[in-house]
**Student:** 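I have a structure I would like to understand better, so I am pasting it below and will then ask my questions one at a time.
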There are 2 protein chains.
Amino acid sequence: MAWDTERTKRLLLDAATAEFSAHGLAGARIDRIAASAGVNKERIYQYFGKKDELFATVLGTRLRAMMDEVPMTGEGPEAAGDYAGRLFDHHLADTTIPRLVFWEGLERGAAATDAARVAYHDAKVQRFQELLPGVDRAMAGEILLTIVTLVNAWPVLAHLDGYLVGASAGRTAERRAFIVKTTVAIARAALPGG
Amino acid sequence: MAWDTERTKRLLLDAATAEFSAHGLAGARIDRIAASAGVNKERIYQYFGKKDELFATVLGTRLRAMMDEVPMTGEGPEAAGDYAGRLFDHHLADTTIPRLVFWEGLERGAAATDAARVAYHDAKVQRFQELLPGVDRAMAGEILLTIVTLVNAWPVLAHLDGYLVGASAGRTAERRAFIVKTTVAIARAALPGG
DNA sequence: TTCACTTACAACTATTCAGTTGGAAACATC
DNA sequence: GATGTTTCCAACTGAATAGTTGTAAGTGAA
């Protein structure tokens, strides 16, 4: 039998991503990750180190992967709204990132200042600022944080939505439209002379 | 020695609140709750049942308490903004509720349809609707969800804020002002003829 | 005082879980 | 094909950890 180290690593990382997304750091089970990947758990310790190191690897890998999946295009408030909508769609189709982001906030608190992470978010804010000419960096970050908060929280707070608005056909599309509309309004108000 | 059942229950509930807020359901330790309360852990099972039942009790108790602590007063978009601001202040001073709400969303998913809980949120939406005459229930819920999302996510996603906007003196006040302003704008736009 | 009930705790059980070890099979290189 | 290295797993270890039990002591009512 031929060894395929990369495949083994990928299997483990994928399984770990699913496990951490579902249960967080404390709730995740190393045995479950290994079983789900069909690989002996000893491999995890060889390739990724301890549990929390694996968690950090998972989060970093995922965020870096998302970088290109939802690009910012166009210009003006409508472009900002369009970006919010596409981000909403992405996080709805795959709730991994929203869940990991909130797990991180809750379990790890102020995340370690990872250089790659800082650069990633910085580039994102800069690009967003280009979307809204005349808006300063702080306000661009403020608006972006608002968008990110709303679209990431949606899959996580589905139960609250059920309580406050109630389940209905097309509820998701409704929420999406509201977030897009709100984003456009916020962006417009932030523009010079808005 | 005279038994003081209520005091014992309160000690346990307070300790459990702190523990669950800090570590969530999976991360919380029954032994730690008992030790922190200075009470034998067997009492927990007698008074509150299993771990997840205790969690539900903690969350319900806290939410009900908050109802009175941050009342909705006045009328119109400014009143909505004022409510958002006071909610922000409350959750900033005590991050218990934001954390518990997100723990619930992540760990328990769609929460059990607790009758008291349904009634609580229903009353909240109804009261909010009175704040904005002419706005229907669905839109009132939509706006309320947006407010609740933004003010609850703030203490949990502090690390993201650091990445996107950056730490600075008065950053918190800045974010608060932005959320209040946004809330007023959203509420105004939702009013008939807005 | 007696009896039924409640409060409380120390000690226990049975299980789960992160992390390790020893060794076997596959591979690479000379 | 001999030698050293890498991949892999079954089985193990030791530490928690949720939940229980046995018992003693306090309470209240007859």
Side-chain angles (χ1 to χ4, degrees), chain A residues 1-61 99-100 103-104 106-109 112, chain B residues 1-61 100 103-104 106-109 111-112:
Chain A
M1 190 216 289
W3 301 136
D4 190 343
T5 311
E6 288 314 309
R7 178 172 170 275
T8 303
K9 285 184 184 172
R10 186 168 33 77
L11 286 173
L12 284 172
L13 204 58
D14 287 351
T17 302
E19 179 73 12
F20 281 129
S21 170
H23 304 108
L25 180 58
R29 296 290 165 252
I30 295 288
D31 286 312
R32 224 154 34 197
I33 293 172
S36 158
V39 172
N40 190 279
K41 70 171 172 171
E42 178 266 358
R43 288 290 88 198
I44 293 173
Y45 293 96
Q46 279 305 315
Y47 292 141
F48 302 102
K50 309 196 176 245
K51 196 184 185 184
D52 58 333
E53 292 167 349
L54 176 59
F55 183 86
T57 303
V58 161
L59 190 57
T61 303
R99 296 181 59 88
L100 286 178
W103 283 125
E104 182 190 36
L106 288 170
E107 297 194 294
R108 292 160 57 93
Chain B
M1 190 216 288
W3 301 135
D4 189 343
T5 311
E6 288 314 308
R7 178 172 170 276
T8 303
K9 285 184 184 173
R10 185 169 34 76
L11 286 173
L12 284 173
L13 205 58
D14 287 351
T17 302
E19 178 73 11
F20 281 129
S21 171
H23 303 108
L25 181 58
R29 297 289 166 251
I30 295 288
D31 286 315
R32 226 157 29 201
I33 294 172
S36 158
V39 172
N40 190 278
K41 69 171 170 169
E42 177 265 358
R43 288 289 88 196
I44 293 173
Y45 294 97
Q46 278 305 316
Y47 292 140
F48 301 102
K50 311 198 172 243
K51 196 183 186 187
D52 58 332
E53 293 167 349
L54 176 58
F55 184 88
T57 302
V58 162
L59 188 56
T61 303
L100 286 177
W103 282 125
E104 182 190 38
L106 288 170
E107 298 194 293
R108 294 160 55 94

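Lettering of chains follows the sequences in order, A, B, ..., and the numbering in each one begins at 1. Values below: all heavy atoms of this structure, side chains included; hydrogens, waters and symmetry mates excluded.
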**Student:** For Trp3(B) and dT27(D), give me the distance from atom CH2 to atom C1', rounded to whole Å.
**Tutor:** 9 Å
**Student:** What is the distance, rounded to the nearest whole Å, between atom CG of Leu11(A) and atom C1' of dT7(D)?
**Tutor:**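 So the two atoms are 14 Å apart, to the nearest Å.
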**Student:** Is the side chain of Lys51(B) donor-acceptor paired with the backbone N or O of Leu25(B) at a distance under 3.5 Å, no angle test?
**Tutor:**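 Side chain of Lys51(B) to backbone of Leu25(B), a donor-acceptor pair under 3.5 Å: yes, one is there.
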**Student:** Round to the nearest Å and state the distance from Gln46(B) atom CD to dT6(C) atom C1'.
**Tutor:**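 Going from Gln46(B) (CD) to dT6(C) (C1'), I get 10 Å.
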**Student:** Measure CD/Glu53(A) against P/dA18(C) and give the value in whole Å, please.
**Tutor:**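 After rounding, the reported distance stands at 14 Å.
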**Student:** Just to verify, which of Ile33(B), Thr8(B), Val58(B) counts as forming a side-chain contact (heavy atoms from CB on, under 4.5 Å) with Leu13(B)?
**Tutor:** Val58(B)
**Student:** As an exercise, state the distance from OH of Tyr47(B) to CG of Leu12(B), rounded to the nearest 0.5 Å.
**Tutor:** 8.5 Å
**Student:** What is the distance from CZ of Arg7(B) to C1' of dA8(C), rounded to the nearest Å?
**Tutor:**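 The answer, rounded to whole Å, is 13 Å.
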**Student:** Give the rounded distance in Å between these two atoms: CG of Asp4(A) and P of dC8(D).
**Tutor:** 8 Å
**Student:** At what distance, to the nearest 0.5 angstrom, does CZ of Arg32(A) lie from CD1 of Ile30(A)?
**Tutor:**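 That separation rounds to 10.5 Å.
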**Student:** Within this structure, what is the CZ-to-P distance between Arg43(A) and dA24(C), rounded to whole angstrom?
**Tutor:**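 Those two atoms, CZ and P, are 17 Å apart.
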**Student:** Measure from NZ on Lys9(B) to P on dT6(C) and round the result to the nearest Å.
**Tutor:**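 Whole-Å distance recorded here is 12 Å.
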**Student:** Hey, is the main chain of Tyr45(B) close enough, under 3.5 Å, to the side chain of Lys50(B) for a donor-acceptor pair?
**Tutor:** no
**Student:** When you check the phosphate oxygens OP1 and OP2 of dT7(C), does a side-chain N or O of Thr8(B) lie under 4.0 Å from one of them?
**Tutor:** no
**Student:** Return a single string for nucleotides 11-19 of chain D, one symbol per nucleotide in 5' to 3' order, where B is base contact, S is sugar-phosphate-only contact and - is none, cutoff 4.0 angstrom on heavy atoms.
**Tutor:** ------SBB
**Student:** What's the spacing between Phe20(B) CZ and Glu104(B) CD if we round to 0.5 Å?
**Tutor:** 12.5 Å
